[in-house]
Amino acid sequence: MVSGLRQSVFGAEFQSPVLLASGTCGYGKEYSELIPLDELGGLVTKAVSVEPRTGNPPHRVAETPGGMINAIGLENVGLQAFVTEKLPWLRDNLEKAHVLVNVIGRTAEEYAAVVAGLDEEEGLLGYEINVSCPNVEGGTMFGTDEKALAELVARLRRETERPVIVKLTPNVPDIGVYARICEESGADGLSTINTFPGMLVDIQSRQPVIGNVSGGISGPAILPMGVFLTWRAACASSLPVIGIGGIRSAADALQYLLAGASLVQVGTASFVDPAAAVTVQEGIGSYMESEGLRTVSELVGALSLPEPALS
Amino acid sequence: MVSGLRQSVFGAEFQSPVLLASGTCGYGKEYSELIPLDELGGLVTKAVSVEPRTGNPPHRVAETPGGMINAIGLENVGLQAFVTEKLPWLRDNLEKAHVLVNVIGRTAEEYAAVVAGLDEEEGLLGYEINVSCPNVEGGTMFGTDEKALAELVARLRRETERPVIVKLTPNVPDIGVYARICEESGADGLSTINTFPGMLVDIQSRQPVIGNVSGGISGPAILPMGVFLTWRAACASSLPVIGIGGIRSAADALQYLLAGASLVQVGTASFVDPAAAVTVQEGIGSYMESEGLRTVSELVGALSLPEPALS
Amino acid sequence: MAKDTWWLELHSPDIASAARWGQFVMIGFGLRRLEPPFLPRPFSVGWRGDGRIGLLVRVFGAGSRALAKLDEGERVLLLGPLGRPFRLEPGRPILCLAGGVGLAPFLFLAGEAGREGFAVELRYGERTADRVFDPALIERLTGSPPRIWTEDGGLGQRGRVTDGELDAGATVLGCGPTPMLQALAARAAREELDLQVSVEEHMACGVGTCQGCVVRGIDGRWKKACTEGPVFDARELAWSPV
Amino acid sequence: MAKDTWWLELHSPDIASAARWGQFVMIGFGLRRLEPPFLPRPFSVGWRGDGRIGLLVRVFGAGSRALAKLDEGERVLLLGPLGRPFRLEPGRPILCLAGGVGLAPFLFLAGEAGREGFAVELRYGERTADRVFDPALIERLTGSPPRIWTEDGGLGQRGRVTDGELDAGATVLGCGPTPMLQALAARAAREELDLQVSVEEHMACGVGTCQGCVVRGIDGRWKKACTEGPVFDARELAWSPV
Ligand SMILES: Cc1cc2nc3c(=O)[nH]c(=O)nc-3n(C[C@H](O)[C@H](O)[C@H](O)COP(=O)(O)OP(=O)(O)OC[C@H]3O[C@@H](n4cnc5c(N)ncnc54)[C@H](O)[C@@H]3O)c2cc1C
Ligand SMILES: Cc1cc2nc3c(=O)[nH]c(=O)nc-3n(C[C@H](O)[C@H](O)[C@H](O)COP(=O)(O)OP(=O)(O)OC[C@H]3O[C@@H](n4cnc5c(N)ncnc54)[C@H](O)[C@@H]3O)c2cc1C
Ligand SMILES: Cc1cc2nc3c(=O)[nH]c(=O)nc-3n(C[C@H](O)[C@H](O)[C@H](O)COP(=O)(O)O)c2cc1C
Ligand SMILES: Cc1cc2nc3c(=O)[nH]c(=O)nc-3n(C[C@H](O)[C@H](O)[C@H](O)COP(=O)(O)O)c2cc1C
Ligand code: FES
Ligand code: FES
């Protein structure tokens with residue numbers, strides 16, 4: 001691998017800027033026989049909540065034009081089982097790839113409990129806080145409630161020294177506002193973006209295809225939205241941003257890096273081809289060689305504004 | 001055409017539920033030699049502002065995975081030229097298809113001026129208010145500012161007896177909130193949805209492909225988002241909703257109708273094939289025949305919730 | 001050839017040698033593709049021999065159509081063998097009930113388990129006679145002719161494959177549309193039969209990472225069809241009333 | 001055949017009979033397609049005869065590749081003829097400067113205007129000799145051999161097609177990459193030449209509805225390449241300094 005793929009972010013060195021996205025790589029083990037996991041930049045675990053969650057009824061996945069819809073319902077084994085059954089494998093099997101744990105909760109307390117419960121454990125670099133899930137009390141979402149988000153981030157900051165990366169939702173008028181809130185509240189980074197709410201109707205049965213009625217849209221279809229929101233988030237704050245959404249090629253990943261992402265995550269593409277992230281990583285290396293770049297950081301945010309040919 | 005395609009909405013009878021979307025059919029004339037415009041449900045004109053607008057530098061369009069990006073910049077001839085140069089053709093050439101005028105402004109006054117300036121004119125059924133464009137003063141958008149939206153709609157309501165249809169932006173946490181505001185403020189209908197902000201980077205030049213840097217994403221890629229937001233808007237208010245986003249087949253349009261849309265608009269698909277809207281319309285007719293439906297209204301909102309096979 | 005039904009052989013020595021009856025493969029169409037099938041599709045291993053696996057594909061939508069249209073020599077992404085196979089008890093007779101292309105895993109099982117000395121009976125049902133997969137080919141693959149049911153009575157017995165007598169002494173295996181499996185499970189419960197079913201659910205990854213493919217377990221918990229299944233003991237699943 | 005360059009003939013009697021030199025067609029790939037080319041692509045009419053039109057296609061990205069890959073008998077959506085043609089003054093000699101596949105409209109024009117009695121000179125430049133479109137075919141289509149420039153000097157004169165003398169008495173027509181047109185426009189301004197250029201811009205509709213294809217006019221207003229162009233009098237456009 002090109003040594004130039006190294007990226008220093010969150011006070012850690014990533015051997016590559018390419019990670020596997022939360023919910024698309026399980027807890028790592030599932031892909032371990034299929035791809036050289038430990039050669040990637042890292043992976044983000046499926047969401048972990050303080051208690052186990054059962055999740056939504058089927059169908060939970062289906063495809064949409066240029067992408068897919070999913071409504072898993074954040075099914076997960078819960079904090080305790082994660083620590084005893086999942087984390088040990090990651091700790092023992094990943095030496096070079098970094099692990100971020102995706103954290104969800106219904107309340108700030110639940111988020112804090114997960115972080116507190118993991119903070120003594122080895123085998124993870126930091127936390128990716130998923131604020132795109134409903135806060136049952138208020139019915140709002142941390143990701144779309146400025147005050148709630150500020151309090152949550154500040155609260156988690158007190159719980160841990162480890163990197164706290166907030167995964168933002170795209171369903172806001174201006175993602176920059178939330179990027180700044182995260183920075184001011186003490187976050188170490190941002191992940192952009194999570195899925196877009198969507199729905200698929202079976203016109204024969206006249207029923208939603210997805211058991212949960214609606215779900216999140218991911219895949220190539222959302223690539224340009226993700227690049228835009230990553231660019232906005234990177235401009236609005238000085239926090240390192242992890243670019244996510246629709247990446248299936250090095251060219252896609254490079255769009256995110258140029259737009260300001262320090263790292264990228266590959267999600268849906270791994271379903272189409274488990275080797276997708278590896279291919280993306282190798283392609284970034286080739287691009288850097290052909291462009292004579294020595295470090296990924298030379299690419300990050302290296303976007304230049306266009307001059308229209310005739311004007 | 002199946003007489004059953006008729007739909008009564010906004011106190012008017014549409015011969016078909018299929019319209020051409022704003023900005024994708026110019027002012028009608030451009031497509032008149034290509035398709036039987038007057039056999040469609042109608043069309044929505046390019047946005048009209050009180051003063052002419054020059055629009056953005058090129059490139060203004062490019063394709064994205066499963067869709068396209070555009071940043072036209074609401075270039076338009078302005079109210080006066082629209083009345084003298086564009087409207088007469090629509091009035092003289094469309095007898096059965098309805099015309100909605102897409103209205104934009106920087107301030108509520110500008111919106112009101114356009115509506116007032118058109119209200120004495122013949123040849124249009126009503127107004128589609130595009131609240132997804134920046135309000136220069138506040139820097140916010142009417143479409144994402146609850147108070148500003150309520151005032152704008154109430155203001156326009158006072159200007160005209162004609163249908164006022166508000167075209168909502170998808171970039172909000174809960175579109176239902178804005179749907180209710182429109183209803184309470186006196187709107188007659190809703191259009192969902194406008195484009196999603198997006199960006200495309202040319203990794204060779206390291207420049208945005210689009211002269212305006214960012215643009216709006218449309219096309220099949222946004223179909224499931226549009227269906228979902230149409231469903232939310234239809235559930236949240238009792239206003240008739242026009243479903244828009246990614247429609248390129250009768251099956252797509254039927255998803256919107258089942259989700260609660262009373263009418264649909266075809267946009268980007270017309271670029272791929274100018275006959276797209278006609279094909280969609282015919283396909284809806286065939287579906288109705290095969291399903292033994294007599295009126296489109298039997299389809300509107302006829303979504304039923306699924307029963308998972310194993311549960 | 002049977003209506004809308006294709007027999008496909010793919011070269012994949014690794015999968016061919018590792019596959020066991022009831023397992024499946026995920027067939028992907030590549031990262032460049034945006035048109036359906038965008039996601040990979042699961043298909044049961046219907047046969048294996050000299051480095052190849054055989055698939056029985058019925059054209060339903062985009063994925064199966066893409067497979068049916070594959071040209072000689074074309075490549076697809078193959079992931080497998082995946083999932084838990086049917087579990088057979090030495091000495092116990094086996095009764096396979098196949099609905100439609102649910103026949104696929106039993107072509108594999110009846111053939112190989114038969115040669116291994118298991119007493120295997122294969123019953124195969126289709127809605128209409130024109131959909132019945134060539135009985136001669138079935139016999140060649142499994143070693144004995146199947147008993148056939150068609151709802152239109154055009155071939156074999158008129159009725160459903162689940163109509164026949166079920167031997168309580170046998171391990172009953174079912175694969176087919178969910179309503180068929182529901183009916184079968186209901187009967188198994190009444191008649192206290194030992195029943196294993198292979199279920200279908202939408203899948204994205206096929207290897208347990210996406211949690212997309214769940215069916216409800218008797219304990220109320222969701223089970224992953226791809227890793228905990230696709231073969232389940234019928235008693236493990238919470239069947240909705242038929 | 002020239003590198004990455006294809007000559008394509010499409011059956012379309014209506015377009016063939018209506019087309020005029022400098023006009024173009026939008027080629028669409030159908031509503032089912034999601035992979036690039038998703039949007040239709042504009043291509044100049046390069047020739048017409050017995051119900052067909054000829055296109056000169058250089059493979060650049062998805063759209064041109066899809067055309068190059070078209071099989072005999074395959075169908076595409078054709079919209080046209082579109083745009084404003086080159087405007088010729090009777091009796092006035094015509095000097096065509098083609099850069100790369102900017103050659104296409106001049107194959108049409110030199111052929112037909114020549115037969116109509118116009119004195120047409122065709123100059124054609126490519127970066128490298130291996131990209132030069134078969135001069136014999138050009139001569140067959142236009143009636144006379146082109147003067148060729150290549151930057152590598154491998155064929156014809158070394159240098160750029162814009163290097164040669166430009167006759168002030170002629171109507172100069174230019175088609176090619178924007179930088180070439182900019183250079184040409186700059187020269188035309190200095191030497192007070194009567195210059196028409198055919199410009200390129202991204203297009204979605206090709207018929208004036210999307211307003212996507214603009215170039216800046218001298219008055220600061222945007223002009224639509226599809227309906228006000230693609231052929232413009234060089235003086236109408238606001239050229240950025242070379
Ligand atoms: C374990 C297993 C084994 C199978 N074995 C066979 C077999 O041997 N022969 C056979 O013909 N079929 C088999 N199937 C069914 C097959 O996987 C496809 O679901 C079926 O071919 C229809 O898919 P399609 O793409 O043709 O139709 P589509 O219309 O694309 O899909 C049909 C339905 O499946 C849904 N779907 C979408 N994506 C997926 C996905 N990734 N996985 C599953 N469904 C999806 C669609 O939304 C639609 O509702 C099996 C399924 C499973 C789970
Ligand atoms: C009036 C006119 C006449 C032309 N005549 C010819 C000709 O005779 N022969 C020839 O080889 N080429 C011609 N072109 C160029 C041609 O239309 C394509 O732009 C070119 O083939 C590259 O497109 P692509 O799809 O191959 O590559 P892509 O990589 O898909 O596109 C190349 C660039 O064009 C952009 N683009 C995307 N969509 C469009 C679109 N709808 N229209 C234009 N560009 C788009 C892409 O974003 C990319 O930046 C002409 C262009 C115009 C405007
Ligand atoms: C099946 C599935 C499950 C997901 N689960 C989670 C999750 O648990 N937590 C989270 O933050 N994001 C989750 N995501 C979102 C992805 O991490 C990613 O943000 C999104 O899919 C966009 O990236 P992509 O287009 O590359 O897939 C999930 C996505 C999919 C498709
Ligand atoms: C080139 C282009 C121009 C557009 N101009 C307008 C406009 O002026 N006003 C408006 O409300 N929507 C405009 N839209 C948005 C469309 O009306 C429609 O809401 C959107 O494209 C989604 O529908 P589609 O996926 O069918 O294209 C434009 C879209 C495109 C592609
Ligand atoms: S298909 Fe992904 S977990 Fe089963
Ligand atoms: S391409 Fe649409 S206006 Fe020119």
Side-chain angles (χ1 to χ4, degrees), chain B residues 20-34 43 45-47 52-76 209-211 215 218-221 246-249 252 266-276 279-280, chain D residues 14-15 18 25-42 60-63 66 75-83 178 199-217 219-230 237-238 240:
Chain B
L20 298 177
S22 178
T24 65
C25 58
Y27 301 99
K29 193 169 187 295
E30 296 85 344
Y31 271 144
S32 57
E33 280 115 45
L34 296 177
L43 65 85
T45 68
K46 176 69 187 172
R53 294 219 191 154
T54 54
N56 293 328
H59 302 311
R60 286 180 171 187
V61 297
E63 52 184 76
T64 58
M68 69 178 284
I69 182 169
N70 92 83
I72 307 304
L74 298 170
E75 171 169 352
N76 79 96
V209 170
I210 294 298
S218 62
I247 297 174
R248 63 187 160 135
S249 69
D252 297 340
V266 173
T268 299
S270 298
F271 300 148
V272 178
D273 180 354
T279 318
V280 167
Chain D
D14 299 355
I15 296 178
V25 292
M26 288 296 278
I27 303 188
F29 301 86
L31 287 168
R32 287 174 156 278
R33 188 174 184 110
L34 289 178
E35 276 115 22
F38 169 73
L39 289 172
R41 298 286 195 269
F60 184 89
R75 297 170 148 278
V76 289
L77 294 172
L78 275 179
L79 208 59
L82 303 170
T178 302
V199 303
E200 281 195 14
E201 190 37 66
H202 292 193
M203 295 184 171
C205 73
V207 296
T209 66
C210 77
Q211 295 174 299
C213 61
V214 296
V215 293
R216 194 184 295 274
D219 58 359
R221 292 270 213 71
W222 297 109
K223 293 172 176 293
K224 293 187 194 125
C226 68
T227 49
E228 298 171 72
L237 301 180
S240 54

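Just so we're on the same page: letters track the sequence lines, and every chain starts at 1.
Between Trp222(D) and Ile72(B), the closest side-chain pair of non-hydrogen atoms is not below 4.5 Å.
For the set Leu79(D), Thr209(D), Thr227(D), Val207(D), the count of heavy-atom pairs under 4.5 angstrom toward chain B peaks at Thr209(D). Contacts with chain B were tallied for Ala204(D), Pro40(D), Gly206(D), Gly30(D); Ala204(D) has the most, counting heavy-atom pairs under 4.5 Å. Annotation: maximal heavy-atom pairing with chain D below 4.5 Å, among Ala276(B), Ser270(B), Gly67(B), occurs at Gly67(B).
The closest donor-acceptor contact from the side chain of Arg248(B) to the backbone of Leu31(D) lies under 3.5 Å.
Residue pairs that meet the side-chain hydrogen bond (donor to acceptor under 3.5 Å, both in side chains) test with at least one member in residues 60-75 of chain B, sequence neighbours left out, are Arg60(B)-Glu75(B), Glu63(B)-Arg41(D).
Atom CD1 of Ile69(B) and atom NE2 of His202(D) lie 11.5 Å apart (nearest 0.5 Å). Note that the OG atom of Ser32(B) and the CG atom of Leu43(B) stand 10.5 Å from one another [nearest 0.5 Å].
Neither the backbone nor the side chain of Ser249(B) comes within less than 4.5 Å of any heavy atom of chain D. If you measure heavy-atom distances from Met203(D) to chain B, the contacts under 4.5 Å come from the backbone alone. Contacts of Leu77(D) with chain B are made by side-chain atoms alone, with heavy-atom separations under 4.5 Å and no backbone atom involved. Both the backbone and the side chain of Thr54(B) come within less than 4.5 Å of a heavy atom of chain D. Looking at Pro52(B), neither its backbone nor its side chain comes within 4.5 Å of chain D, counting heavy atoms on both sides.
Legend: residues meeting salt bridge (charged side-chain N to carboxylate O under 4.0 Å, His left out) with Glu35(D), ordered by chain and number and at least two apart, are absent.
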